[in-house]
Visitor: 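Please see the structure below; I have some questions.
For ligands, and for the atoms within them, numbers begin at 1 and follow the listed sequence.
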Amino acid sequence: MPQLEKKIRDKSAKVGIVGLGYVGLPLAVAFSQAGFKVLGFDSQQKRVDSVNKGRSYIVDVGSERLSAAIANNLLEATTDQSRLKEVDAICICVPTPLTRTKEPDLSYVIYESEEISKHLQPGQLVVLESTTYPGTTSEVVLPILERTGLKGGQDFYLAYSPERVDPGSKNYNIGNTPKVVGGIDSRSTRLAELLYNQVAEVVVPVSSPEVAEMTKIFENVFRSVNIALVNELTKLCEKMGISVWEVIDAAASKPFGYMPFYPGPGIGGHCIPLDPYYLANKAREYDFHTRFIELAADINEQMPYYVASRIMEALNASGKSLNGARVLVLGVAYKKDVEDVRESPSVKLIQLLREKGASLSYNDPYVGRIQIAEDILTSVELADELLSLADCVVIATDHSCYDWERIASQSKLIFDTRGATKGLRHSNIIRM
Ligand SMILES: NC(=O)c1ccc[n+]([C@@H]2O[C@H](COP(=O)([O-])OP(=O)(O)OC[C@H]3O[C@@H](n4cnc5c(N)ncnc54)[C@H](O)[C@@H]3O)[C@@H](O)[C@H]2O)c1
């Protein structure tokens with residue numbers, strides 16, 4: 001039995017989590033709650049200080065859970081990567097963004113692999129969690145780690161295990177979301193499976209890192225394509241005078257063979273808008289064009305433009321031009337009940353409306369300030385007077401805390417991109 005297996009079983013293994021963001025911080029807290037000593041690494045001193053003071057900056061991690069882990073001496077954060085040698089297992093949760101031309105940017109993964117290789121210890125398990133194209137673990141991370149002279153699967157272990165976190169979800173967390181793991185060899189898979197079994201009820205081992213990498217991207221492509229499908233249907237329904245929201249609810253009554261996806265002003269977050277491009281790009285190496293991915297991205301990326309033109313029409317119908325109209329946008333986070341504005345379609349929408357001359361303000365209980373092109377906008381208080389003064393109130397993100405009845409009764413005109421007002425009968429509401 002490898003030494004590490006014994007240490008995981010008796011919980012004496014120390015777990016290193018690199019990148020304490022949306023993925024890494026909840027994972028660090030989960031391992032410490034399972035009784036493991038955790039050393040968290042982040043390149044931002046501010047985040048490290050915050051963790052060590054027990055102050056959470058991630059919506060899914062309550063400060064009380066974080067401070068309990070710190071107080072129990074089970075969690076510590078540092079910027080000092082030389083301390084990687086202290087840990088038995090390393091989970092890499094660093095960003096995998098795109099370049100400006102939408103090419104995969106693996107610079108964080110490469111940089112971190114190089115850091116790990118400087119301190120790699122025999123017997124350590126390294127797991128990449130960052131979303132990436134199939135082949136990254138074996139073709140990019142493994143060769144960097146093997147430059148040390150240590151051999152993967154023999155002197156150290158290496159696996160890929162995608163994070164499936166659904167930020168803001170009340171139902172799913174690390175514990176009850178099955179975790180897929182694929183190692184470069186059977187021992188790596190077995191060790192990674194054992195490790196994640198300490199925090200997740202179900203672990204699904206697969207035969208290789210490539211299968212695990214492809215699984216994660218497939219899940220995100222699946223969402224992107226289905227959202228695009230319903231976005232396209234929304235445009236047709238509008239032309240035909242049919243409520244897409246009623247259609248979706250009716251279709252969802254079918255107990256098999258259908259699952260509902262909902263239209264919106266576009267897609268956002270760190271996953272769905274970006275990850276499919278990782279696969280589309282890799283596919284070209286095989287003279288293969290992933291047409292569904294491109295088509296879905298095209299439809300979804302057009303949605304803010306579509307919404308802007310529908311708002312213009314709605315204002316026009318009430319005798320107003322968008323140029324000079326007072327528009328109040330509700331919600332700038334990319335989805336409800338989170339504070340994350342990465343790739344948020346609201347940002348694009350606000351930018352488009354401002355370019356057309358609208359006088360823009362926004363409210364978001366989770367996002368106090370937001371950068372739009374060169375300007376910083378600040379969230380305004382949702383006073384009755386503000387609602388009644390606006391020529392159009394746009395529901396861009398349907399945060400649960402909004403009182404739609406109050407908003408509808410105070411506003412002149414509402415454009416609802418999320419079906420948030422489905423249950424209301426006010427004549428001033430236009431639904432997408
Ligand atoms: N956010 C999600 O919902 C989600 C879900 C599943 C998978 N993912 C994937 O997980 C990965 C991480 O995403 P995230 O949302 O947690 O990103 P994030 O930006 O919230 O966190 C990444 C953290 O890594 C830190 N960092 C960057 N380089 C570092 C380095 N070399 N050493 C130490 N720290 C470093 C950053 O300072 C940041 O705190 C990405 O690949 C993403 O695609 C994200």
Visitor: Which residue pairs pass the side-chain hydrogen bond (donor to acceptor under 3.5 Å, both in side chains) test with at least one member in residues 25-37, sequence neighbours excluded?
Guide: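 Output for this query lists Gln33-Arg65.
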
Visitor: With sequence neighbours left out, what residues match Glu339 under salt bridge (Lys or Arg N to Asp or Glu O under 4.0 Å)?
Guide: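 Not a single residue meets the salt bridge (Lys or Arg N to Asp or Glu O under 4.0 Å) criterion with Glu339.
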
Visitor: My understanding is that only residues two or more places apart in sequence, or in another chain, count here; which of them pass ring pair (Phe, Tyr, Trp, His ring centres under 6.0 Å) with Phe222?
Guide: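 In terms of ring pair (Phe, Tyr, Trp, His ring centres under 6.0 Å), with neighbours along the sequence ignored, Phe222 is linked to Phe261.
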
Visitor: Assess, by modelled atom type and distance only, whether the side chains of Asp340 and Tyr366 contain a donor and an acceptor separated by less than 3.5 Å.
Guide: no

Visitor: Can you tell me how far the CG atom of Leu120 sits from the OG1 atom of Thr148, to the nearest 0.5 Å?
Guide: 5.0 Å

Visitor: Should the pair Lys151 and Phe156 be classed as cation-pi, given the thresholds of under 6.0 Å to the six-membered ring centre and 45° from the axis?
Guide: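 Relative to the ring axis of Phe156, which defines the angle, Lys151 lies outside at least one limit.
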
Visitor: Heavy-atom cut-off of under 4.0 Å around ligand 1: list whichever protein residues fall inside it, by chain and number.
Guide: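 Val18, Gly19, Leu20, Gly21, Tyr22, Val23, Phe41, Asp42, Ser43, Gln44, Arg47, Gln81, Cys93, Val94, Pro95, Thr96, Tyr108, Tyr111, Glu112, Ser130, Thr131, Glu163, Val165, Pro167, Lys216, His270, Cys271, Arg342.
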
